[in-house]
Amino acid sequence: MKRLMNIITALATLTGTAVPTLAQPLYTLSGQPEERVLTMPRGERVRYRAYEGIPYVANVVDPEYQTLNFYVPEPAYDDNRSVPIFLKTNVGGYMAARAGAPSPTDATGRALQEGFIVVIPGSRGSNSTVEEPTGGKVYTGPAPAGIVDLKAAVRFLRHNDAVIPGDKERIITDGTSAGGAMSSLLGATGNHPAYEPYLREIGAADVRDDIFAAVCFCPITDLDHADMAYEWLYRTTNSGPRGLDGELAAVSDELAALYPAYLESLALTGPDSRPLTADNYMEYLKTFIISSAQAARNGGADMPADAGIVLNDGGRGRAGEFVVDIVMPDYLAYVARRQELKPPPAFDRLGVAGQEATAENRVFGDSGGNPSGFTDYSLRKSEGNPAAAISDGMRHRVRLMNPMNFIGDPAADTAPHWYIRHGAADRDTAFNVPVNLYTLLLNNGYDADFALAWNRGHTGDYDLDGLFDWIKERLARAGR
Ligand code: DHB
């Protein structure tokens, strides 16, 4: 690591006075790395070196967010070339995230303990702003800025392969919720030319940005179809626990009616290569919920009596060993009683029936901080104009935020390995969203592992034993 510092110092000196260029982003690591110790939940102590606050693009727009931190655990101090890199994004709510530090209670601490290099980049988002010289505020993070930044951070690592430790061909990304969506975009869109103009503009390194594996916890993604998926799934609760009024119930029905055509446009196939359609999709979804409940039952969990779970004890009791069926309207009502569902539209809500902007409306906003609609349906509703349509520019931005557009596109180098988890009681997006992502990956021949975590809400970085077993198995298969 002394050698690392020497090389970095030398490079910094070399480039210190030069104007940063695309081919050679300017980077410096000032001072010596700080030695730190992380105390894990069971008391183990993990020694590591911290390198923090490193700008990863040549043309920094927002110095608060366009930096990364990296951490080198003790086992890698001397031999660090073959160590995998665990890159976690702390993005939540499609907001900006600062470069972060490892935590003993999430996947970053565990990754350090496993001997992986940990990288936690910052990225711009819906709320990041810089002051203009004239005193005004400019929003720096309208979509797709967040994913562009994260791709630039991956490129920075690869560009600086000689001085930054870790195997750049074994980058594993991780994120939760909007961060899970970002991880899925990193996985889906490797090297895709559609992001190139944005990457050039910020002076990202001119190298590859594909990754080895994407870990996605409850990804809030497929935003342009997530409203219709949500209503298609949950509309049976509208007159029950959801209690929608007439106007919103009508919005729900209209959105739900749009979903079958979208689903069929995906041309997904389920087990036995059967095409998935709106007619058989609920049964398909049910198989994941049954597996989830069965895994919990095998682990000794009691099944809730009011969740539509049918056990082989002759009824909907709690004593049977096997989950033989789930009555979906009852299960969905159970989810809706645990946590109030989002009102329709769940994502593109701005101005529909007079409703306020969501996190998604904000990230699709403009540099003035004005939120925006991003689907034709909601724009038509909010403007009261049945012929309204989002602009081509908006359509392009929405496309760049959706991994579903890039899986199967020959111009993308999609990650070979995927680990996707979603809570079986998580109502932040419809189960259809992660299930379709998983199914599209499988249908395109990728190694994808998906499960619904029983009775779990909207959280991430759980079952770290399971996650790291999965990661190590993939690394071993790849001969690392
Ligand atoms: C997140 C949660 C949401 O419900 C949403 O719509 C977007 C982002 C989040 O937790 O990141």
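Start at 1 and go down the list; that is how both ligands and their atoms are numbered. Both backbone and side-chain heavy atoms feed into the values below; hydrogens, waters and symmetry mates do not.
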Ring centroid separation for [X] and [Y], is it under 6.0 angstrom?
{"X": "Trp232", "Y": "Tyr281", "value": "yes"}
{"X": "Tyr438", "Y": "Tyr446", "value": "no"}
{"X": "Phe374", "Y": "Phe347", "value": "no"}
{"X": "Phe288", "Y": "Phe431", "value": "no"}

Could you check whether Arg362 makes a cation-pi contact with Phe364, meaning its NZ or CZ is under 6.0 Å from the centre of the six-membered ring and within 45° of the ring axis?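 Geometry flag: not set, cation outside 6.0 Å or 45°.
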
For residues Ile164 and Phe70, determine if any side-chain heavy atom of one lies less than 4.5 Å from a side-chain heavy atom of the other. yes

For ligand 1, output the ligand-protein N/O contacts shorter than 3.5 angstrom; if there are none, return none.
| unit_1 | atom_1 | unit_2 | atom_2 | d |
| --- | --- | --- | --- | --- |
| ligand 1 | 4 (O) | Lys342 | NZ | 2.6 |
| ligand 1 | 4 (O) | Asp428 | OD2 | 2.6 |
| ligand 1 | 6 (O) | Lys342 | NZ | 2.8 |
| ligand 1 | 6 (O) | Glu360 | OE2 | 2.6 |
| ligand 1 | 10 (O) | Ser177 | OG | 2.7 |
| ligand 1 | 10 (O) | His458 | NE2 | 3.3 |
| ligand 1 | 11 (O) | Gly93 | N | 2.5 |
| ligand 1 | 11 (O) | Ser177 | OG | 2.8 |
| ligand 1 | 11 (O) | Ala178 | N | 3.1 |

